[in-house]
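Before any comments, here is the structure.
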There are 2 protein chains.
Amino acid sequence: MSDAGGMGRGRATAEMVAQRANVSRISVSRAFNSHTSLKPEKRALILRIAEELNYTPDRAARALVSGRSHLIGVIVPDVCSHWESQEVDALTTALQNEGFATLLFKTRTDYSMDEKLLAYMRGFNPDSVIAFVENVKPTTLAQFLDRAVPIYVHYPHPGEPEPAETGPLHDRLNVLQRPGIEQAVALLQGYGAKRIAYVSGVERSQANTAREHMLRTVMAERGLAPPTIAVGDFSYDAAYAATIDLFRVGDGADAIFAANDVGAFGVLDALRHELGLRVPEDVQVVGFDDIAQSHWKSYNLTTVKFDLEERVRALVRLILRRLKTPDAPALHETLQTRLVVRGTVG
Amino acid sequence: MSDAGGMGRGRATAEMVAQRANVSRISVSRAFNSHTSLKPEKRALILRIAEELNYTPDRAARALVSGRSHLIGVIVPDVCSHWESQEVDALTTALQNEGFATLLFKTRTDYSMDEKLLAYMRGFNPDSVIAFVENVKPTTLAQFLDRAVPIYVHYPHPGEPEPAETGPLHDRLNVLQRPGIEQAVALLQGYGAKRIAYVSGVERSQANTAREHMLRTVMAERGLAPPTIAVGDFSYDAAYAATIDLFRVGDGADAIFAANDVGAFGVLDALRHELGLRVPEDVQVVGFDDIAQSHWKSYNLTTVKFDLEERVRALVRLILRRLKTPDAPALHETLQTRLVVRGTVG
DNA sequence: TTGTAAGCGTTATCAT
DNA sequence: ATGATAACGCTTACAA
């Protein structure tokens with residue numbers, strides 16, 4: 001009761017600031033919403049007092065009335081790969097600069113999507129949702145998102161139809177894998193590789209099938225026999241085991257594509273430390289992603305780069321455009337890939 | 001207007017569910033708060049209809065009245081190390097199981113804390129805040145948090161006083177580094193190491209100084225000369241460069257402690273790929289953390305393990321206890337460390 | 001430019 | 001066990 005001035009423990013409210021500044025609480029609200037009109041000196045006064053009182057508008061209350069939570073839901077698999085960690089990282093920084101906060105959710109590693117999780121997440125009313133998880137039908141997602149329009153990653157492939165634009169509205173990030181894969185295959189061919197193997201990611205994941213499919217296409221175009229498939233799951237350990245199988249049980253290979261960089265590390269370690277083979281002299285290796293540690297000397301991996309920064313910028317553009325024009329038709333962004341040549345090919 | 005039943009685009013409210021179930025909206029609220037009393041069959045009916053209508057209580061509205069946002073703020077440095085990524089990962093999973101969501105914030109890499117960020121974060125009204133960032137005085141943090149009681153990581157050291165319990169209330173996670181470091185030093189000594197170097201982390205960070213300090217103490221107790229210090233910043237690249245300096249400009253060492261595992265990888269790669277030294281024959285290496293990739297064959301690192309899962313469980317316990325008893329005096333949890341022996345010592 | 005009134009979707013309090 | 005009422009802190013009409 002001795003706290004009418006607004007100091008002390010507990011949160012200052014707009015009312016307290018208004019009282020101290022001798023203005024109505026509405027003016028306080030306006031002072032914090034730069035687009036509204038308020039006499040500049042009055043705004044300055046209010047902001048100064050707000051800072052003194054350590055006042056920040058309550059986003060929950062604001063969300064209730066404005067319908068904007070400034071929360072962006074991000075769903076990632078249970079055990080985050082390096083790529084995903086780095087993407088969440090960059091995304092959070094970018095969103096924060098735009099006044100949004102990242103709300104992180106984990107789902108099962110098997111790349112399926114849990115309806116319970118969606119319902120749970122919806123309670124927080126995110127303005128937008130990015131799922132780094134696959135096998136979620138737009139219809140399922142749409143059922144659980146009210147305002148939010150989902151963003152899907154798509155890997156266009158010649159001969160495949162564009163995904164139907166008729167389903168629920170969703171925005172799309174198109175990743176063009178062809179350039180990077182073509183460059184990689186050409187380089188391997190240039191160094192004499194004939195028998196190329198592919199150490200896969202999680203088999204039914206879209207990223208994996210798209211990579212395998214494009215690899216197959218490009219190899220066929222260039223007159224190479226189809227790749228041998230060794231089954232992995234994007235993890236180091238699975239790729240390690242798959243590589244050993246490939247050489248001990250199977251027929252080996254001149255070159256190995258791994259579905260991601262972490263898998264490529266497993267391949268490299270299996271080749272060198274378990275099979276006693278030299279890279280790139282005996283076997284050449286190419287990864288996907290170009291994560292931060294791919295340049296580390298022990299691996300120094302040649303890899304198909306998905307530019308993380310560019311990708312995050314594209315995602316943020318999609319989110320902001322959608323929030324600005326909630327009823328716009330499907331939005332698109334397109335990303336290129338390219339080969340980064342290091343020491344595992346040559 | 002044709003939407004009175006609650007179907008279609010847009011969010012279902014408690015009111016709509018109540019209407020369909022022929023109950024008051026209060027009963028709907030009660031159905032979702034398991035501790036309140038409601039006739040079981042009525043609750044079942046309401047929950048069924050809620051599911052049909054795809055209704056979930058709005059957390060923002062709930063937060064407004066209950067004072068609980070069910071949001072846990074997590075502040076991490078701009079560029080996340082592997083350890084931090086893995087910790088955020090595990091923490092999110094654990095919190096999600098308890099009905100909380102992780103709200104992620106990034107701050108500058110220099111381990112300082114931005115007041116702007118704190119003010120920004122406070123707007124979201126997190127129930128609790130965990131900062132993986134150092135050099136934040138409890139007073140600074142307390143100024144920006146109303147309900148939330150901060151959690152600090154502390155590295156107790158003999159001869160140093162406990163941090164004052166008189167400042168603003170904060171809970172504490174005590175990490176006992178001695179056991180792991182003692183085991184490591186003993187092992188190195190057992191294999192004949194005399195001259196031990198320490199490749200540091202960010203110099204003014206608490207984790208770094210605590211590690212260096214404890215290492216120095218243990219080495220002195222065991223009759224070893226003080227460690228040579230090579231300055232790093234917890235990153236691969238800095239450790240790589242520091243190691244080269246240590247041998248090219250400085251006097252080298254029999255064994256190297258790195259302030260964290262990622263730094264140890266840089267040390268290993270510099271030794272092997274740049275300096276042409278063998279590990280562990282010529283130089284032995286020990287890291288800190290035991291991150292997931294420390295067991296990868298190329299590194300196979302002997303390291304002082306901070307059990308991530310245990311640490312996260314301790315953090316979650318602190319959070320939950322604090323939320324249950326907001327006025328309890330300072331809470332504590334204690335964690336042990338231990339040496340994980342792999343291939344870089346021997 | 002400023003103030004007044006209404007309401008966002010929930011839960012706490014007090015009834016019954 | 002259930003319902004009516006008020007309140008949470010803010011913003012968006014609308015009015016002055």
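Computed over heavy atoms, backbone and side chain alike; hydrogens, waters and symmetry mates excluded. Proteins get letters first, then strands, A, B, ... in listed order; numbering begins at 1 in each.
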With [X] via side-chain contact (heavy atoms from CB on, under 4.5 Å) - residues at least two apart:
{"X": "B:Leu45", "answer": "B:Ala21, B:Arg48, B:Ile49"}
{"X": "A:Ala44", "answer": "none"}
{"X": "B:Leu169", "answer": "B:Val149, B:Arg322, B:Ala330"}
{"X": "B:Leu64", "answer": "A:Asp58, A:Ala61, A:Leu64"}

Can you give one letter per nucleotide of nucleotides 8-16 of chain D, going 5' to 3': B for a protein heavy atom under 4.0 Å from the base, S for sugar-phosphate only, - for none?
-> BBSB-----
Please round to 10 degrees the angle between the axis of the first five pairs and the axis of the last five pairs in the helix from C:dT1-D:dA16 to C:dT16-D:dA1.
->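 Helix axis angle between the two ends: 30°.
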Results of salt bridge (Lys or Arg N to Asp or Glu O under 4.0 Å) for [X] - residues two or more places apart only:
{"X": "A:Arg317", "answer": "A:Glu333"}
{"X": "B:Arg313", "answer": "none"}
{"X": "A:Arg311", "answer": "A:Glu87"}
{"X": "A:Arg122", "answer": "none"}

A:Arg25: partners by side chain to side chain donor-acceptor pair (under 3.5 Å), with sequence neighbours left out |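 Side chain to side chain donor-acceptor pair (under 3.5 Å) list for A:Arg25, sorted by chain: A:Glu15.
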Residue A:Glu310 excluded, over 12 heavy atoms near CD under 6.0 Å = yes
Going 5' to 3' on DNA chain C, which nucleotide is the first and which the last to come under 4.0 Å of a heavy atom in chain B?
-> C:dG9 to C:dA12
